[in-house]
K.L.:
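Let me give you the structure first, and then I'll get to my questions.
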Amino acid sequence: MRRPLSSRRLSHCSHAVRDALISLRDLITSAGPVVVLVAAVLVGAYWWLDPQPPKTVTLATGPEGSAYAAFGQRYAQALAADGITVTLLPTDGTVGNLQALRDGRADLAFVRGGSGAAADLDEAEAAAANVPGVPQGALMSLGSLFYEPLWIFYRPAALNASPTAPLDSLTQLRGLRVNVDQAGSGVPDLVQRLLWANGVSTDELQLQHLPPEEAAQALQAGQLDVMVLVSAPETVTVVRLLLSPGIALADLPQADAMARRFPFLQTVTLPRGMVDLAGDRPPQSIGLLAATTALLTRDDTHPALRQRFAQAAVHIHGEAGWFSGARDFPNTSTSELPVSAEGDRAINGTPPFWQRYLPFWASNLLERMWLIIGGLIVLLLPLSRVVPPLYTYRVRRRVFRWYARLREVEAIMDDPESDQQALLDELDELDRVASQITVPLAHADELYALRNNIEKTRRRLLGLHTKVSTVASNR
């Protein structure tokens, strides 16, 4: 009784699936050595290149409420989108930030120009200054970010010459109560250098070292005559003093000359009406001295983190500001320290197109390992030619291995004293085994050739037996 058509179709499908799975297994096994080699190279390259950065990084930001702290929050938000936690480390200011970099408490830091001299200390000088030694070249820049003007706010009524006379020279500070910020901010050292260039000693001033917010309140209350501050215009303290009645901002006519003496300083102009167009504040353009703040990092900071911070800097500091036009910052032209390759590529180069479509971890992995991946592709081209012969050999071996037993049967059956029945049993066993061999359809002819050869051997064996029996009966 014939099986139903549906049953036969089901059996045919099961055989087809089995054949496909066996073919896939043979292909995978044949390609195994190549796959293992490629995997070993990728694992070794991944271990050596270490493409994925740490998930936590420390950024030294300066005092709470400063422009550094505000920018630090923006960096933290930008990198949080990539799963990286930015720990903000408060310090006294740019000197404290530089110190945190040198002793390893921070991976990156905002450092104002003119403070980089400390970064050039060699190990002996660092030890003498009680600073943990960091070899020369251990710090590098990711680019200059923005201007930090030297703000000299004063009460015109406090000037010795005339209550209405403007403060246009640092020599006019003699005898006045002057606040020069805290020691860690770097402002006291800068003011001392500028006073020395103008022939004024700090002993001739009544110096105070109040933090900016407290000093601003003291200036407005008449407890201070002059307040010196180095800060980006984004700080609340600067804006409030610019709008405060009875408080003026010094316009130094000698700013160009001082900028020539101190290369880390530049002259910038606060345009008229920049603070308040409707109120025309300031009522005239004011020339100021300014230092450039850079984002510094250690050379052992992961390259992917350096690149991501530099990319974030382009978005955070690329807009027009009080003292710069759009895309003036960040830049690599005003940096005191060598700029890292990651910073230069992010600021001056063109980002790879895949960064627009891939998440940070995938884009970074591709960028760090593209050379290895490209080399593997080139290597795989000749290696891929080995797989088809290996696959063919593996499939054909499944059939050809039984020819050895068939040849043994043929060798024995020529012996007149051989046991015919035992040889027939052997051939039956070979035929049974051959019927269970599964090969791809492309190699089915070799399987049927084996079974055909077994049948030919059986017929020959039976023919020899008949011939022997005839000869024996004739005798």
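The figures here come from the full heavy-atom set of this structure, side chains too, leaving out hydrogens, waters and symmetry mates. Here, residue 1 is the first one in the sequence, and each next residue gets the next number. The structure presented is a predicted model; accordingly, all values stated were derived computationally and were not measured.
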K.L.:
Could you measure the distance from the CG atom of Leu108 to the CG atom of Leu142? Nearest 0.5 Å is fine.
P.N.:
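So the CG of Leu108 and the CG of Leu142 are separated by 6.0 Å.
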K.L.:
Do His317 and Phe329 make the cut of ring centroids closer than 6.0 angstrom?
P.N.:
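Not close enough - the centres of the two rings lie 6.0 Å or further apart.
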K.L.:
Checking the side chain of Arg306 only, and the main-chain atoms of Asp299 only, is there a donor and an acceptor separated by less than 3.5 Å?
P.N.:
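At least one qualifying donor-acceptor pair exists.
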K.L.:
Is the shortest side-chain heavy-atom distance between Leu170 and Met258 below 4.5 Å?
P.N.:
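When only atoms from C-beta onward are counted, Met258 and Leu170 do touch, with a gap below 4.5 Å.
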K.L.:
Would you call Glu213-Arg240 a salt bridge at under 4.0 Å N-O?
P.N.:
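A salt bridge is present here (some side-chain N lies under 4.0 Å from a carboxylate O).
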K.L.:
Can you check whether Thr58's main-chain N or O pairs, donor with acceptor, with Arg105's side chain at less than 3.5 Å?
P.N.:
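Checked: no pair found.
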K.L.:
Please check: side-chain N/O of Thr269 versus main-chain N/O of Pro271, any donor-acceptor pairing under 3.5 Å?
P.N.:
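Judged by distance alone, no pair lies under 3.5 Å.
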K.L.:
Quick one: CG on Leu176 to CG on Leu205, what's the gap to the nearest 0.5 Å?
P.N.:
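Spacing of CG (Leu176) from CG (Leu205) equals 7.0 Å.
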K.L.:
Please check if any side-chain donor atom of Gln99 sits under 3.5 Å from a side-chain acceptor atom of Thr91, or the reverse.
P.N.:
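Their side chains do not contain a donor-acceptor pair, so the 3.5 Å distance test is not met.
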K.L.:
For a side chain to side chain contact (heavy atoms under 4.5 Å, CB included) check, start with the C-alpha distance between Leu229 and Val238, then their side-chain angles and the critical distance, and finish with the verdict.
P.N.:
CA-CA 8 Å; Leu229 175 66; Val238 169; 3.6 Å; yes
K.L.:
Does any part of the side chain of Val268, heavy atoms only, come nearer than 4.5 Å to the side chain of Trp322, both counted from C-beta?
P.N.:
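Trp322 vs Val268: side chains apart.
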K.L.:
Can you give me the closest heavy-atom contact between Val339 and Gly143, atom names plus distance?
P.N.:
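That would be CG1-N, 4.4 Å.
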K.L.:
Does the side chain of Leu252 come within less than 4.5 Å of Ser169's, by heavy atoms?
P.N.:
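Answer no - side chains too far apart.
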K.L.:
Verify side-chain hydrogen bond (donor to acceptor under 3.5 Å, both in side chains) between Thr61 and Asn97, making sure each step is shown before the conclusion.
P.N.:
CA-CA 7 Å; Thr61 60; Asn97 289 352; 6.0 Å; no
K.L.:
Is it the case that more than 12 heavy atoms not belonging to Gln217 sit under 6.0 Å from its CD atom?
P.N.:
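Yes, because the 6.0 Å sphere around CD of Gln217 holds more than 12 heavy atoms from other groups.
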K.L.:
Please give me the minimum heavy-atom distance between Leu101 and Ala106, naming the atom from each residue.
P.N.:
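The answer is CD2-O, 3.5 Å.
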K.L.:
How long is the straight-line distance from CD of Gln206 back to CG of Asn179, given to the nearest 0.5 Å?
P.N.:
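Between atom CG of Asn179 and atom CD of Gln206 there are 12.5 Å.
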K.L.:
Under the criterion side chain to side chain contact (heavy atoms under 4.5 Å, CB included), I'd like the reasoning laid out for Leu190 against Leu265: C-alpha separation, chi angles, the key distance, then a yes or no.
P.N.:
CA-CA 10 Å; Leu190 175 60; Leu265 293 176; 4.3 Å; yes
K.L.:
Distance from Leu145 atom CG to Thr292 atom OG1, nearest 0.5 Å?
P.N.:
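Those atoms lie 9.5 Å apart.
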K.L.:
Looking at every non-hydrogen atom in both residues, tell me the closest pair between Ser244 and Gln220 and how far apart they are.
P.N.:
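Nearest pair, atom of Ser244 first, then Gln220: OG-NE2, 2.8 Å.
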K.L.:
Rounded to the nearest 0.5 Å, how far does CD1 of Ile152 lie from CG of Leu173?
P.N.:
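Here the rounded value is 6.5 Å.
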K.L.:
Checking Leu242 against Leu249 for the side chain to side chain contact (heavy atoms under 4.5 Å, CB included) test, could you report, in this order, the C-alpha distance in whole Å, the side-chain angles of both residues, the deciding distance, and whether it holds?
P.N.:
CA-CA 7 Å; Leu242 287 171; Leu249 176 62; 3.8 Å; yes
K.L.:
For the backbone of Gly222 and the side chain of Arg177, can you confirm whether one donor and one acceptor N or O come within less than 3.5 Å of each other?
P.N.:
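Pair found, side chain donor or acceptor close to backbone of Gly222.
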K.L.:
Determine whether the side chains of Thr202 and Gln192 contain a donor N or O and an acceptor N or O closer than 3.5 Å.
P.N.:
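Distance-only check fails for Thr202 and Gln192.
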K.L.:
Heavy-atom distance under 4.5 Å between the side chains of Ile247 and Arg155, does that happen here?
P.N.:
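Yes, their side chains come closer than 4.5 Å.
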K.L.:
Quick one: does Asp181's side chain get under 4.5 Å of Val230's, heavy atoms only?
P.N.:
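Not touching, per the 4.5 Å side-chain cut-off.
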K.L.:
Indicate yes or no for a side-chain donor-acceptor contact from Trp151 to the backbone of Ser231 under 3.5 Å, with no hydrogens or angles considered.
P.N.:
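The answer is yes, because a donor-acceptor pair under 3.5 Å joins these two groups.
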K.L.:
With distance as the sole test, does Gln223 use its side chain to make a donor-acceptor pair with the main-chain N or O of Leu219 at under 3.5 Å?
P.N.:
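Such a contact is absent between Gln223 side chain and Leu219 backbone.
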K.L.:
Considering residues at least two apart in sequence or located in another chain, which fulfil the ring-ring contact (aromatic ring centres under 6.0 Å, His included) criterion with Phe309?
P.N.:
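Here the qualifying residues are Tyr75.
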K.L.:
Could you walk me through whether Val187 and Val191 pass side chain to side chain contact (heavy atoms under 4.5 Å, CB included), step by step?
P.N.:
CA-CA 6 Å; Val187 178; Val191 171; 3.9 Å; yes
K.L.:
Rounded to the nearest 0.5 Å, how far apart are CG of Asp256 and OG1 of Thr267?
P.N.:
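Separation between the atoms: 4.5 Å.
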K.L.:
State, yes or no, whether a side-chain contact exists between Val228 and Leu150 at a heavy-atom distance under 4.5 Å.
P.N.:
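Yes, at least one pair of side-chain atoms sits under 4.5 Å.
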K.L.:
Do Arg102 and Leu139 touch side chain to side chain, with heavy atoms closer than 4.5 Å?
P.N.:
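They are in side-chain contact.
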K.L.:
Please tell me whether Phe146 and Phe323 form a close aromatic pair, meaning their ring centres lie under 6.0 Å apart.
P.N.:
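No: the rings miss the under 6.0 Å criterion.
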K.L.:
Any side-chain to backbone donor/acceptor pair from Asp251 onto Gly287? Under 3.5 Å, distance only.
P.N.:
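Side chain of Asp251 to backbone of Gly287: a pair is present.
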K.L.:
Donor-acceptor check, side chain of Asn198 to backbone of Val200, threshold 3.5 angstrom: yes or no?
P.N.:
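No, the answer is negative, given that no donor and acceptor are paired below the 3.5 Å cut-off.
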K.L.:
Closest approach of Pro188 and Gln182, non-hydrogen atoms and distance?
P.N.:
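Where Pro188 meets Gln182 most closely, the heavy atoms are CD-O, 3.4 Å.
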K.L.:
Kindly give the heavy-atom pair with the smallest separation between Arg112 and Ala291, and that separation in Å.
P.N.:
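Distance-wise, the nearest heavy atoms are CG-CB, 3.6 Å.
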K.L.:
Tell me whether Asp107 contacts the main-chain N or O of Thr301 through its side chain, where contact means a donor paired with an acceptor under 3.5 Å.
P.N.:
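Not at all, since once roles are kept as given, no pair shorter than 3.5 Å links the two residues.
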K.L.:
Which pairs, with at least one residue in residues 273-291 and sequence neighbours excluded, count as a side-chain hydrogen bond (donor to acceptor under 3.5 Å, both in side chains)?
P.N.:
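Qualifying pairs: Arg272-Asp280.
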K.L.:
Ignoring hydrogens and angles, tell me if any N or O in the side chain of Tyr147 forms a donor-acceptor pair with the backbone of Ser324 under 3.5 Å.
P.N.:
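Looks like no, no N/O pair under 3.5 Å.
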K.L.:
Taking all non-hydrogen atoms of both residues into account, name the closest pair between Phe153 and Leu241 and its distance.
P.N.:
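Looks like CD1-CD1, 3.6 Å.
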K.L.:
Do Leu210 and Met227 touch side chain to side chain, with heavy atoms closer than 4.5 Å?
P.N.:
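Sidechains of Met227 and Leu210: no contact.
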K.L.:
Are Thr237 and Thr235 close enough that a side-chain donor and a side-chain acceptor fall under 3.5 Å?
P.N.:
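Result is no, nothing qualifies.
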